[in-house]
Amino acid sequence: MPRTTSGRYGASPAAGNVMLLGIVIVAAAVALSRGLTSVSFAAAAGALAAVTLFGLVFVRTDFGIYLVIFSMLLSPEFGGGGGDKLAEGRTGITLRSEDFILLVIGLSWLAKTAVNKELGLVAKTPLNRPIIAYIAVNALATMLGFVMGNVGVSGFFYVLKYVEYFFIYYMVVNNVRDRDHAWRLIVAAFVTAAIVSVIGLAQVPSGQRVSAPFEGQEGEPNTFGGYLLFMMAMAAMLALETRRLRVRVMGIGLLALMSVPFLFTLSRASYLGVVPAALAIWRLTTKRRFMTGLLLLVVVCAPIAAYTAPSAITNRILYTFEPEKGQATVRLGKVGFDPSTSARLISVRAAFEGWLRRPILGFGVTGFGFMDSQFARVLVETGALGLLAFSWLVWAAIRAGRATAAVVSDPEDRAIATGFVAGTIGLLFHSLGSNTFIIVRVMEPFWLFTGIIVMLASFARPPAAAARPVR
């Protein structure tokens with residue numbers, strides 16, 4: 001009989017996996033047949049889907065990863081009714097299908113590591129310590145806020161959501177086997193971006209602000225803008241750095257496809273992130289002379305573009321400086337801001353005043369109320385320790401991108417790493433007017449690509465330097 005990886009005799013892993021999958025499917029069929037007599041068909045079908053997914057992921061983890069990638073932007077949400085308003089101003093707890101998918105994948109991965117002792121639960125990566133610090137500070141601040149009466153049960157759900165983002169990261173670093181595997185995930189992510197961009201294009205004629213699909217009745221254009229900003233940075237860098245004409249054409253085409261719905265999100269926070277992202281691309285690209293000429297051309301043509309741009313876009317930008325009578329207005333010298341911008345600035349000031357009352361650990365996640373500014377929210381909810389942990393985490397991600405760009409030899413690999421850095425810088429500016437680093441549809445792709453760039457660096461090093469599992 002063949003030896004297992006642990007050196008003991010037994011069935012081959014492939015045969016064992018197939019046998020387990022067969023058992024799981026039979027058990028699921030029996031459960032469905034019995035369940036149909038006592039529960040609704042939808043509940044029974046959902047249970048069957050969960051059990052089947054569990055078995056498929058146990059046998060082939062890739063299946064779950066691809067499913068998560070496509071569900072990040074293409075999954076519907078399910079709003080829980082009748083709850084208290086959460087920090088985002090919504091009623092009930094909002095769940096998405098990928099929440100259930102990730103839960104099933106997590107359980108399957110735990111089962112797989114229990115069966116195969118060679119697999120580790122997590123891998124050693126440069127981001128482990130900042131991730132642990134960030135989770136610990138958020139959990140501690142929220143527990144303290146709960147004790148003090150500032151935080152309800154919803155705060156713990158938010159902390160669990162943050163943990164879910166890091167699960168995506170570790171799912172990638174534990175399962176990506178080689179460079180080709182990493183690039184299949186990158187392609188899947190870009191295909192998802194192309195699909196949602198086409199859906200966004202279809203919304204433009206309606207005259208409404210463009211948002212991602214399945215965002216509910218009101219939509220979240222600001223979220224879609226942040227996602228597209230991040231993906232556009234990597235597509236732009238790929239078009240610049242690649243030496244293959246086909247890849248360059250695809251990168252330019254994808255960038256052009258995403259740019260139209262990006263503009264019609266009318267998201268001013270997303271527009272704000274374009275300039276620093278473009279400057280970061282200029283700084284990091286090897287085609288700096290070309291990029292310098294391109295930026296100069298953009299500056300020269302800016303007045304013409306402003307004159308010829310659709311009125312919805314120019315009006316949205318100009319509206320920033322149009323205060324309304326009877327509304328709270330913040331002024332900077334003689335310049336007054338619109339109600340939305342003023343409300344953000346007022347909430348930032350209130351957050352700073354709140355932080356002064358609890359400077360170390362803040363009020364806990366969701367403990368101070370809603371505000372559309374990531375840094376202000378982190379400061380008032382988790383205090384100075386939380387802001388330090390958050391800054392360490394983002395800096396570690398940027399440093400990982402720079403480190404990958406320094407060790408890889410393939411131009412496309414370097415493009416993804418430097419595009420990731422530029423996109424992250426853009427998101428930092430986007431977060432001045434949005435809770436960017438806790439938004440589901442921005443953070444899930446962000447941590448997917450964080451895991452990918454970390455693994456691209458490990459593939460460029462000797463095997464001994466690659467990420468190793470922790471037992």
Side-chain angles (χ1 to χ4, degrees), residues 66-77 79 88 90 94 96-98 186-239 249-275 277-278 305 308-317 319 340 372 419-420 422-424 426-427 429-431 433-436 439-446 448-449:
Y66 287 116
L67 190 59
V68 169
I69 290 174
F70 286 106
S71 67
M72 286 176 181
L73 272 293
L74 295 170
S75 63
E77 65 179 30
E88 302 297 21
R90 295 171 178 166
T94 300
R96 298 182 186 276
S97 61
E98 74 263 27
I186 293 171
V187 171
F190 278 133
V191 168
T192 304
I195 293 171
V196 295
S197 295
V198 171
I199 296 173
L201 282 173
Q203 298 176 36
V204 172
S206 69
Q208 302 295 320
R209 295 178 64 185
V210 171
S211 63
F214 307 112
E215 283 283 8
Q217 294 181 350
E218 297 181 1
E220 297 289 347
N222 202 32
T223 296
F224 195 33
Y227 164 77
L228 290 175
L229 172 66
F230 180 65
M231 298 300 295
M232 286 166 60
M234 287 183 287
M237 191 62 86
L238 189 61
V249 170
M250 291 176 64
I252 294 173
L254 185 58
L255 180 62
L257 178 63
M258 290 189 289
S259 63
V260 178
F262 173 81
L263 290 173
F264 282 93
T265 61
L266 305 182
S267 168
R268 292 171 295 182
S270 303
Y271 297 163
L272 180 64
V274 170
V275 174
T308 59
S311 59
I313 297 173
T314 55
N315 290 341
R316 181 64 175 171
I317 296 173
Y319 176 68
S340 177
D372 254 339
F420 170 85
T424 303
L427 290 181
F429 281 80
H430 180 273
S431 67
S434 182
N435 297 312
T436 308
I439 294 176
V440 175
R441 294 196 165 186
V442 179
M443 283 299 97
E444 287 180 342
F446 176 84
L448 169 78
F449 275 96

Considering all heavy atoms of both residues, which atom of Ile199 and which atom of Pro213 are nearest to each other, and what is their separation? CD1-CG, 3.9 Å

Quick one: does any side-chain atom of Tyr271 pair with a main-chain N or O of Ile313 as donor and acceptor, under 3.5 Å? no

Looking only at the side chains, is there a donor atom on one of Asn222 and Ser267 sitting less than 3.5 Å from an acceptor on the other? yes

Minimum heavy-atom distance Ala309-Thr314, with the two atoms named: CB-CG2, 3.9 Å

If you round to the nearest 0.5 Å, how far is CZ of Phe230 from CG of Leu427? 6.5 Å

dist Leu255:CG -> Leu257:CG (nearest 0.5 Å) comes out at 9.5 Å

Kindly give the heavy-atom pair with the smallest separation between Ser71 and Val68, and that separation in Å. OG-O, 3.0 Å

Evaluate the criterion side chain to side chain contact (heavy atoms under 4.5 Å, CB included) for residue pair Arg441 and Phe224; output intermediate values, then yes/no. CA-CA 8 Å; Arg441 294 196 165 186; Phe224 195 33; over 6 Å; no

Tyr227 and Phe446: aromatic ring centres closer than 6.0 Å? no

Rounded to the nearest 0.5 angstrom, the CE-CG distance for Met258 and Leu201 is 11.5 Å

Using 0.5 Å steps for rounding, measure from the CG atom of Leu254 to the OG atom of Ser259. 10.0 Å

Side chains of Ile186 and Phe449 in contact at under 4.5 Å (non-hydrogen atoms): yes

With a 4.5 Å limit on heavy-atom distance, are the side chains of Ser270 and Leu228 in contact? no

If every non-hydrogen atom of Leu73 is compared with every non-hydrogen atom of Pro445, which pair is closest and at what distance? CD2-CG, 4.1 Å

Gap between atom CG of Leu74 and atom CD1 of Ile195 - 0.5 Å precision: 5.5 Å

For Arg209 and Pro221, indicate whether the former's side chain and the latter's backbone hold a donor-acceptor pair under 3.5 Å. no

If you count the non-hydrogen atoms of other residues, nucleotides and ligands that lie under 6.0 Å from CZ in Phe190, is the total more than 12? yes

Checking the side chain of Ser434 only, and the main-chain atoms of His430 only, is there a donor and an acceptor separated by less than 3.5 Å? no

Set of salt bridge (charged side-chain N to carboxylate O under 4.0 Å, His left out) partners for Arg268, sequence neighbours left out: Asp338

Rounded to the nearest 0.5 Å, the OG atom of Ser431 sits from the CG atom of Asp372 at a distance of 11.0 Å

Heavy-atom pair with the smallest gap, counting every atom of Gly419 and Ala233: O-CB, 3.6 Å

Can you check side chain to side chain contact (heavy atoms under 4.5 Å, CB included) on Val274 and Phe429, steps first, answer last? CA-CA 9 Å; Val274 170; Phe429 281 80; over 6 Å; no

Between Ser206 and Gln203, is there a donor-acceptor pair closer than 3.5 Å when you use the side chain of the first and the backbone of the second? yes

What do the steps show when you test Leu238 against Met234 for side chain to side chain contact (heavy atoms under 4.5 Å, CB included), and what is the final call? CA-CA 6 Å; Leu238 189 61; Met234 287 183 287; over 6 Å; no

Minimum heavy-atom separation for Ala277 to Leu229, with atom names? CB-CD1, 4.4 Å

